[in-house]
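Read through the structure below, which is laid out as structure tokens, and then see the notes.
Order of appearance sets the numbers: ligands from 1, and atoms from 1 within every ligand. Numbering starts at 1 and runs along the sequence shown.
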Amino acid sequence: MGGFFQIVDHGVDAKLVSEMTTLAKEFFASPPEEKLRFDMSGGKRVASSSPAIYRQQVVDARLASKRILFLHEDKARPKDYKFSWGMLENHLTGEAVQDWREIVTFFSYPTRTRDYSRWPDKPEAWRAVTEEYSQKLMELACKLLGVLSEAMGLETEALTKACVDMDQKVVVNFYPKCPQPDLTLGLKRHTDPGTITLLLQDTVGGLQATRDNGKTWITVQPVDGAFVVNLGDHGHYLSNGRFKNADHQAVVNSNSSRLSIATFQNPAPDATVYPLKIREGEKSVLDEPITFAEMYRRKMSKDIEIAMKKKLAKEQLLKDLETPKLETKPIEEILA
Ligand SMILES: O=C(O)CCC(=O)C(=O)O
Ligand SMILES: [Fe+2]
């Protein structure tokens with residue numbers, strides 16, 4: 001289905017997986033102040049040497065506090081509750097950010113870049129469990145990349161090597177129950193930028209894939225103990241489009257909250273992005289080799305462009321609705 005497959009018997013201990021989810025649920029049940037200590041909205045890695053980035057983070061954290069308080073203070077919700085909380089503005093485009101989710105992120109590889117001060121220290125066991133989980137998932141991801149390399153007719157290490165010093169980021173997504181789920185999304189439609197993603201989802205379900213450009217969406221049914229696997233843009237380019245970068249989104253519902261843990265395997269920022277093999281008669285999906293950082297920059301600016309266009313179209317529509325319509329007839333009809 002649309003670029004996803006699920007793996008069972010993957011060798012990651014079931015106990016480790018259940019500890020990881022239990023601790024994550026405990027974290028999201030903690031008070032907003034506690035969670036905000038680890039706010040990473042904007043997805044930035046903390047660079048302590050860069051005061052500009054640090055300031056940006058403080059601003060983001062304040063914005064996000066509104067978001068989390070809205071979510072948790074039921075008392076503050078008016079009776080005729082409308083979709084009102086997600087209206088944080090993207091400071092670049094003015095587009096409303098409407099994802100109905102909270103996230104916590106662990107930048108876990110390369111290990112030398114780990115900043116434990118940004119890893120939640122509560123629940124206490126979480127750090128050690130996450131360390132083990134991220135290591136096991138790194139191993140599993142490399143195994144999968146080995147199989148995929150062989151499927152491309154390359155040496156087992158080909159895809160891993162192309163990542164140079166592979167990055168890993170663990171993102172824990174918590175989607176609270178939503179009173180009006182049809183007005184929002186847990187996570188807007190996207191493709192993951194990296195090489196390969198391993199997702200652990202609970203039994204609620206909400207991940208959806210498409211293969212007809214968003215006309216229909218198919219739910220990726222939860223399979224107990226399985227990892228949902230998809231390739232990202234980098235995997236797509238390296239395979240010259242043979243492996244699809246899965247187009248997906250997450251929906252929310254009014255009955256229960258949902259938890260998913262996404263482990264993203266990305267190449268190093270300066271790794272080269274270019275097909276590893278171009279089969280006879282095929283054209284390269286890329287005009288020239290670029291770095292992963294450049295690939296990511298292009299993706300982001302394209303996303304911003306699309307968001308801007310949408311915003312302009314919306315504004316135009318509102319303007320059109322305001323202008324009274326004059327009846328128009330061809331001149332011949334009027335003169336006839
Ligand atoms: O929660 C999900 O099912 C999807 C998560 C996802 O796509 C992501 O974090 O990139
Ligand atoms: Fe994703």
Which atoms of ligand 1 have any heavy atom of [X] under 4.0 Å away?
X      : result
Asp192 : 10 (O)
Phe264 : 8 (C), 9 (O), 10 (O)
Ser260 : 1 (O), 2 (C)
Leu199 : 3 (O), 5 (C)
Tyr175 : 1 (O), 2 (C), 4 (C), 5 (C)
His248 : 7 (O)

For the residue pair [Y] / [X], report whether a side-chain donor-acceptor contact shorter than 3.5 Å exists.
X      : Y      : result
Glu139 : Gln135 : yes
Thr291 : Asp270 : no
Arg118 : Tyr116 : no

Region of Val171 that comes within reach of ligand 1 [heavy atoms, distance under 4.0 Å]: neither
Side chain, backbone, both or neither: which applies to Val228 and ligand 1 if a contact is any heavy-atom pair less than 4.0 Å apart? neither
Under 3.5 Å, side chain of Glu294 to main-chain N/O of Thr272, donor-acceptor pair present? no
Is any NZ, NE, NH1 or NH2 atom of the basic residue among [X] and [Y] found under 4.0 Å from an Asp or Glu carboxylate oxygen of the other?
X      : Y      : answer
Lys299 : Asp233 : yes
Glu155 : Lys277 : no
Asp247 : Arg189 : yes
Glu282 : Arg242 : no
Lys309 : Glu305 : yes

Taking distance alone, with no angle check, do Gln201 and ligand 1 share an N/O pair under 3.5 Å? no
Please verify whether a non-hydrogen atom of Arg258 lies at under 4.0 Å from ligand 1. yes
Name the closest protein heavy atom to atom 9 (O) of ligand 1, giving the residue it belongs to and the distance to 0.1 Å. Asn173 ND2, 3.3 Å
shortest atom 8 (C) of ligand 1-to-protein heavy-atom contact is with Leu187 CD2, 3.5 Å
Looking at the Fe ion (ligand 2), which N/O/S atom of Asp192 is the nearest one? OD1
